[in-house]
Protein chains: 4
Amino acid sequence: MAKATDGDGTPVPQRLLAAATRLFAERGYDRTSVQEIVEAAGVTKGALYHYFGSKEDLLQEVYARVLRLQQERLDAYANADAPIEERLREAAADVVVTTIENLDDASIFFRSMHHLSPEKNKQVRMERRRYHERFRALVEEGQRAGVFSSATPADLVVDYHFGSVHHLSTWYRPDGPLTQQEVADHLADLLLRALRP
Amino acid sequence: MAKATDGDGTPVPQRLLAAATRLFAERGYDRTSVQEIVEAAGVTKGALYHYFGSKEDLLQEVYARVLRLQQERLDAYANADAPIEERLREAAADVVVTTIENLDDASIFFRSMHHLSPEKNKQVRMERRRYHERFRALVEEGQRAGVFSSATPADLVVDYHFGSVHHLSTWYRPDGPLTQQEVADHLADLLLRALRP
Amino acid sequence: MAKATDGDGTPVPQRLLAAATRLFAERGYDRTSVQEIVEAAGVTKGALYHYFGSKEDLLQEVYARVLRLQQERLDAYANADAPIEERLREAAADVVVTTIENLDDASIFFRSMHHLSPEKNKQVRMERRRYHERFRALVEEGQRAGVFSSATPADLVVDYHFGSVHHLSTWYRPDGPLTQQEVADHLADLLLRALRP
Amino acid sequence: MAKATDGDGTPVPQRLLAAATRLFAERGYDRTSVQEIVEAAGVTKGALYHYFGSKEDLLQEVYARVLRLQQERLDAYANADAPIEERLREAAADVVVTTIENLDDASIFFRSMHHLSPEKNKQVRMERRRYHERFRALVEEGQRAGVFSSATPADLVVDYHFGSVHHLSTWYRPDGPLTQQEVADHLADLLLRALRP
DNA sequence: CATGAATGAGCGTTCATTCAT
DNA sequence: TATGAATGAACGCTCATTCAT
């Protein structure tokens, strides 16, 4: 238990990842130097390069973590045993809540993806696509069932909603007039209202 | 007319601004070097610094241009002589069209704002705020008239729509299945449907 | 009378020289840009290069002016009709007063001489040498007459006094406890006392 | 002993400091480029910035070294067990000798201090002040004892002497007619003679 | 006489990464 | 495992000077 930890007992890789996440969100990927990350994590450069192949790998790990989390939650809501309106509403609200809860990761996600090398970028986009499609399937299911209007292509509906989710990191403030849940409910409500036949 | 131009006759400052816009959108602000900008514009560094105080000034100019354009267009639609639904629908569709028409500027706008120094950032945010508020006033006008639902605070409605506009640069492709106008109409339609009482 | 002047009627070359003198003294030769000089003088770069061949020429002109002035004054005191102690005392005090009165020029003189090109440097050193030698001749005259001690070589005596003159720009402040004349009298007194047989 | 050295075995920071000292003295601080320093030291720029935060830090280090040395020596002479005339004479001569022995450092000191940032400048001035005051205390001690004339304020006496010390780098040449010690003795003698009651 | 756009070389500094220990 | 000295390429920016007008 004395290995790869320091003082607080958190393993070095986690400490590095946490420091990198905070700094990338604060100042952006390019403006964060490896030196700053290792100082914030309380280790040396050698240690970082022992656990991560490059600065970019660190960024990819941040992505991988948030992508995994969001996909799991979406799957849980989407596959639940409930009417389609309810499942879509809950999934739509949940992505808002988890995005707010991980606003740092979200900022990085929407602002730093183009810093990944083409291959890694492609991989992230693919996972992102899977997420998008599971969400779209919900919309289409409701459209086929006649519960949702088919006036707008499902793809566009999904992008409409995700746009507002991405946008959260631009305007949401924890000390604002609305709680996370209220924001989530409102945004889910707007989506469902737009889909009324 | 032989002043400050070269070969094609376009003034040097414009050439620099155009080159910077394209490059900032392509690879991001931090990843674009001053050297690349001046090479793309066919001038030397000295010329750039003759017209612009810094690389950051170049970025601010890009912002200033697009902010001015969008504000003008919004004002025109918002102050038109037509029913409120119509005015909101047209304004909502128009911001989509002009964003697509200037997708480079838009990408820069939503991804590089945090690269501006605090003071310049503040100024841009202020102008942005003015735009947001003009749009919000339209929503509130409809809500007061009972034409739009008041279920969702107008602020949130505006952010919902603008989120999808920002998101355009992430997914819109000119060679996609929908034309600019179709995308604009769909997105405006989603907004109006969500606002039905 | 409307030529080469501006507003205040001072000829452009003088205005440039005055601006350069102030700025060179304030921030040093290398840290003063040609742009700053022309702005301070209220003219453009072209005007500067019309009257002066280079930035260095400006510096040389500053030197030439102060050298001429000091040489003239020394000659006047040295060739006066008075006992040698009196003539040396007055010359020694006068160089202190004129140095304090032109503290800017003096700072430049003692700090920026090595910025001149070899040829110009040589010329300035030569004129400086002439000044030194006229002063030394006074000391030697007194030594030969037995009025001054010969314990120290005259050269060294001169450097001893000039050292304190150069040093003035380091510590003299107009709002200090001593007036210019008091400082001058004290320093001349120290010299004369050191020379007592 | 194989760490941070190269070829000759001298540690890199020392090599950099030595190269910088020589070059700053030769051509002045502003005229010496970082590139020239690292080339003279046989390392790369990265190495310099590994050990020193900036070019200015290098200059400050030169100052710190000479200030420390001179203060130590002055303290030793001033606190010795000997009559006041003897202690002042020896201290006055010693500062001349050590200045000549480190003429490079001295040139830099008297010509480049204004290149330091305000904060660092202040620090250097403070240490310099301490030195000045220890020296002044010696003069005052002799004045109170009636051994030295009180005709001139002690402050001015100190500045008179230090002026000649600063001036050394302007005229002293190792191949001149006088040895270091002879120059030192003469200058100390002039000071003591000037202080005779 | 005077302008100011433009040059081009050089500046101090940063930084991801490597590697001997 | 982990260190930290060192690299080397690139970065944003400055500036004395030139020259067509």
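Letters go in sequence order (proteins before strands), and every chain restarts at 1.
Proximity of a side-chain donor or acceptor of D:R22 to a complementary backbone N or O of D:D104 within less than 3.5 Å is not detected.
Atoms CG (B:D57) and P (F:dG12) sit 14 Å apart, rounded to a whole Å. Taking atom CD of residue A:E39 and atom P of nucleotide F:dG4, one finds them 12 Å apart after rounding to whole Å. If you measure from atom CZ of B:F52 to atom P of F:dT14, you get 15 Å, rounded to the nearest angstrom. Rounded to whole angstrom, the span from the CG atom of C:D30 across to the C1' atom of E:dG10 amounts to 13 Å. Distance, D:R31 CZ to F:dT14 P: 19 Å, rounded to whole Å. Separating the CG atom of B:L48 from the P atom of E:dA6 is a distance of 11 Å, rounded to the nearest angstrom. Distance D:L59 CG to E:dG12 C1': 15 Å, rounded to the nearest Å. E:dT21 atom P lies 20 Å from atom NZ of A:K45, rounded to whole Å.
Out of F:dT3, E:dT17, F:dT17, the shortest distance to the side chain of C:S54 is found at F:dT17. Side chain of B:V43, nearest nucleotide from E:dT17, E:dT7, E:dT13: E:dT7. Set against F:dA6, F:dT17, F:dT1, the side chain of A:H50 has F:dT1 as its closest nucleotide.
The ring pair (Phe, Tyr, Trp, His ring centres under 6.0 Å) test with D:H115 is passed by exactly one of D:Y63, D:F110, D:Y29, D:F109: D:Y29.
For the C1' atoms, the distance from E:dC1 to F:dT21 is 13 Å, rounded to whole Å.
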Take B:E36 and B:R27, measure what salt bridge (Lys or Arg N to Asp or Glu O under 4.0 Å) needs, and give me the verdict at the end.
-> CA-CA 11 Å; B:E36 288 170 326; B:R27 7 190 189 287; 3.4 Å; yes
For the pair A:V34 and A:L58, evaluate side-chain contact (heavy atoms from CB on, under 4.5 Å) and give the outcome as yes or no after the intermediate values.
-> CA-CA 10 Å; A:V34 168; A:L58 225 32; over 6 Å; no
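Remark: C:Y51 is not in phosphate contact with E:dC1, judged by side-chain N or O atoms under 4.0 Å from OP1 or OP2. In terms of phosphate contacts, B:S33 brings no side-chain nitrogen or oxygen within less than 4.0 Å of OP1 or OP2 of F:dA10. Phosphate proximity of F:dA6 to D:T44: absent, as no side-chain N or O sits under 4.0 Å from OP1 or OP2. For C:Y49 and F:dT17, the shortest distance from a side-chain N or O to OP1 or OP2 is below 4.0 Å.
Side-chain N/O atoms of C:K55 and base N/O atoms of F:dT17 include no donor-acceptor pair closer than 3.5 Å.
Remark: A:R31 CZ is packed, more than 12 non-hydrogen atoms of other residues, nucleotides or ligands lying under 6.0 Å away.
No hydrogens or angles considered: a donor-acceptor pair under 3.5 Å links the side chains of D:E39 and D:Q35.
Each of A:E36 and D:V34 was matched to the nucleotide of DNA chain E holding its nearest heavy atom; the match closer to the 5' end belongs to D:V34. Each of C:E56 and D:A47 was assigned the nucleotide of DNA chain F with the nearest heavy atom; the assignment lying further toward the 5' end belongs to D:A47.
Taking both residues in full, the closest heavy atoms of B:D105 and B:R65 are given as OD2-NH2, 3.0 Å, listed atom of the first, atom of the second, then distance. Among all heavy-atom pairs drawn from B:A40 and B:L23, the shortest one is CB-CD1, 4.0 Å.
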Dot-bracket notation for DNA chain E, counting Watson-Crick and G-U pairs under 3.5 Å, with | for partners on another strand | .||||||||||||||||||||
